[in-house]
Amino acid sequence: MAGPGGGGGGGGNDLQWCFSQVKGAVDEDVAEADIISTVEFNYSGDLLATGDKGGRVVIFQREQEVGNEFEFSGTKKLIYFCQSKSRPHHGGGEYNVYSTFQSHEPEFDYLKSLEIEEKINKIRWLPQQNAAHFLLSTNDKTIKLWKISERDKRAEGYNLKEEDGRFRDPVRITTLRVPVLKPMDLMVEASPRRIFANAHTYHINSISVNSDYETYLSSDDLRINLWHLEITDRSFNIVDVKPANMEELTEVITAAECHPHQCNVFAYSSSKGTIRLCDMRAGALCDKHSKFFEEPEDPSSRSFFSEIISSISDVKFSHNGRYMMTRDYLSVKVWDVNMETRPVETYQVHEYLRSKLCSLYENDCIFDKFECCWNGLDSAIMTGSYNNFFRMFDRNTKRDITLEASRESSKPRAILKPRKVCTGGKRKKDEISVDSLDFNKKILHTAWHPKENIIAVAATNHLYIFQDKVN
Amino acid sequence: MSENRELEVQAEETGEEKQDTQEKGAMSPEKAEEIKLKAKYPVLGLRPGGSEFLMKRLQKGKYFDSGDYNMAKAKMKNKQPPSSGADKNLVTGDHIPTPEDLPQRKSSLVASKLAG
């Protein structure tokens with residue numbers, strides 16, 4: 001099956017994934033600041049942004065060139081390849097650094113004795129409307145709108161200044177000249193255009209740009225605010241789930257997203273595994289939902305862990321807006337926006353962890369927040385797991401595959417071998433037993449190119465880029 | 001007579017034990033994990049009023065005051081305690097300390113390694 005955006009099933013005539021690039025230092029020591037905390041393609045897929053715990057943003061741009069070269073950079077140990085000229089144009093092109101900047105700094109709120117981490121929780125791109133690129137990046141408290149622009153020309157021949165900036169002696173100026181634009185080496189500049197601060201008492205978990213391209217929402221544990229991109233001193237509170245008495249708190253907001261086409265609709269998920277769809281036309285405050293999605297639970301199977309593992313860590317609308325996908329600790333669920341009673345599809349990510357919940361609770365892994373994403377055609381979904389494994393599910397063929405982001409499979413054009421976790425006693429060759437899984441190697445953030453079969457997988461402090469092998 | 005009675009009681013007990021293990025076997029893995037956890041931490045879940053996870057979540061990053069915060073930071077970075085020897089020479093005595101003299105929290109202005 002050729003063509004972009006196809007499904008991600010395993011072997012045979014299906015899609016096969018190949019290693020393309022890996023970014024990040026080779027040394028074993030992982031500095032806390034280098035841990036990648038968010039990954040996001042822009043609308044065209046030509047730009048890929050990452051945010052890290054150190055508050056830095058790195059943007060990669062896809063090369064347009066298609067060539068025959070195969071280069072190995074010895075000092076940086078970065079292996080990448082370009083496709084041969086005979087391949088179709090829409091394939092190929094590696095991602096190289098385009099811009100990097102410090103988005104957020106660590107702060108300490110002296111009034112509340114609260115540390116404000118600089119970790120970038122989310123990056124969301126705005127659709128491109130002119131030559132510059134805009135993105136929103138947020139930490140726990142403050143959202144910033146960044147403008148990334150290119151400068152490849154410089155004016156030379158000013159009347160009052162020398163080229164190095166010194167002022168010319170006015171007495172010596174005898175003629176008037178018009179400065180001319182001369183080409184210069186490309187410079188990519190990032191500047192903060194808006195700072196949206198002081199609107200969240202609790203920690204921001206999501207931002208989402210509205211389809212009207214004028215507003216966006218930001219959500220924290222208890223409240224959701226609606227902003228206008230031009231206005232920083234005001235935002236509207238549209239959801240408030242804070243109880244009058246905090247002792248009565250039973251549920252928090254875990255994620256929120258705007259509908260991809262209907263600018264009046266948004267959804268938010270909760271720590272109890274429910275999703276609420278809200279319509280902003282219904283009222284200024286959307287505390288009353290329009291739709292309430294919850295899967296009925298079998299009361300006999302309830303345990304101490306039930307609520308914790310049902311907490312939704314991510315909610316994403318499909319590109320066509322007809323479905324929502326939610327990620328809880330052990331599974332990914334696809335919901336039809338028109339059916340509130342139960343999900344239409346459920347995919348088990350790592351069911352073998354159900355018998356390890358006690359130790360996962362003790363080492364806090366049970367609270368890990370995994371994200372999920374759709375491919376461009378909404379025919380496949382992807383999410384991460386432990387041991388640097390990530391999973392893909394093809395919604396049409398119902399096939400799934402487990403792949404690994406590791407240095408071992410980082411050879412150019414290397415086809416990723418499917419991985420398998422063995423749960424029973426007898427471990428086959430090439431299988432890995434549940435007890436051997438490395439729970440420190442978690443893949444929480446993944447992104448799928450909006451149009452092609454290119455995926456970005458964040459493995460702690462490394463960014464892996466994989467592409468499909470077009471047969 | 002009493003011997004028989006004892007044997008009977010014993011048989012009853014082992015019978016119950018057998019029933020227990022049978023029940024455990026049929027139990028969901030989740031429930032089994034819960035029992036394991038409760039065995040380790042019997043106090044868990046007994047505290048009333050709201051979920052403690054939620055409270056902990058909302059409280060993330062809270063310190064008693066700025067002194068508490070700075071001590072916590074110092075503990076994390078043992079190499080750079082708030083009152084390092086070298087700085088004492090500059091800051092105390094005749095020299096009036098300015099914000100620039102005080103040891104800074106390590107800034108992440110070092111470029112990201114992803115940027116090569």
Side-chain angles (χ1 to χ4, degrees), chain A residues 23-25 31 33-34 36 50 52-58 60 76 78 96-97 100 102 105-106 108-110 112-118 140 202-203 221-222 246-252 271 300-309 354-362 367 461-463, chain B residues 23-77 82 102 104-116:
Chain A
K23 309 279 186 188
D34 292 329
I36 300 169
T50 61
D52 64 22
K53 269 196 160 185
R56 300 162 300 192
V57 171
V58 182
F60 302 93
K76 295 189 175 132
L78 191 70
N96 296 323
V97 179
T100 178
Q102 185 79 32
E105 297 269 5
F108 187 72
D109 182 339
Y110 289 93
K112 296 178 189 157
S113 297
L114 257 186
E115 177 186 23
I116 302 168
E117 277 184 358
E118 66 273 36
D140 282 338
Y202 302 97
H203 299 110
D221 291 319
L222 298 179
M246 282 297 273
E247 298 276 308
E248 292 163 22
L249 181 70
T250 54
E251 200 172 3
V252 295
S271 53
S300 65
S301 68
R302 189 158 181 85
S303 76
F304 173 80
F305 302 110
S306 299
E307 189 173 315
I308 306 173
I309 62 172
R354 201 179 285 270
S355 51
K356 300 285 170 198
L357 293 176
C358 179
S359 42
L360 291 168
Y361 176 86
E362 288 179 293
F367 299 106
N461 59 334
H462 291 101
L463 182 71
Chain B
E23 275 174 7
K24 273 190 189 138
M27 192 189 307
S28 73
E30 237 178 88
K31 257 306 192 216
E33 289 294 300
E34 179 174 357
I35 288 169
K36 225 190 275 179
L37 193 68
K38 288 249 159 81
K40 279 193 187 179
Y41 311 102
V43 197
L44 208 59
L46 291 180
R47 250 167 284 168
S51 178
E52 47 180 277
F53 315 123
L54 295 183
M55 287 307 181
K56 207 166 83 165
R57 188 191 171 127
L58 297 180
Q59 294 276 323
K60 173 186 131 187
K62 196 125 180 136
Y63 291 88
F64 181 71
D65 60 17
S66 62
D68 184 28
Y69 167 71
N70 282 306
M71 287 308 294
K73 286 290 149 204
K75 246 186 241 161
M76 277 190 355
K77 279 149 193 160
L102 296 171
Q104 297 288 325
R105 182 184 185 280
K106 175 179 167 271
S107 169
S108 7
L109 283 173
V110 176
S112 165
K113 293 195 180 116
L114 291 187

Considering only heavy atoms and a distance below 4.5 Å, find which of [options] pairs most often with chain B.
| options | result |
| --- | --- |
| S359(A), S271(A), A31(A), A25(A) | A25(A) |
| K356(A), H462(A), R302(A) | K356(A) |
| V57(A), N461(A), V97(A) | V97(A) |

Contact class of [X] relative to chain B, heavy atoms under 4.5 angstrom:
| X | value |
| --- | --- |
| E362(A) | side chain |
| D140(A) | side chain |
| I308(A) | side chain |
| S300(A) | neither |
| S301(A) | backbone |

Quick one: are [X] and [Y] in side-chain contact, heavy atoms under 4.5 Å?
| X | Y | value |
| --- | --- | --- |
| M246(A) | L58(B) | yes |
| D52(A) | L114(B) | no |
| R56(A) | D34(A) | yes |
| F60(A) | L463(A) | yes |
| L37(B) | F305(A) | yes |

Query raised in the report: Of all residues at least two apart in sequence or in a different chain, which pass the salt bridge (Lys or Arg N to Asp or Glu O under 4.0 Å) check with K36(B)?
Result: E33(B)

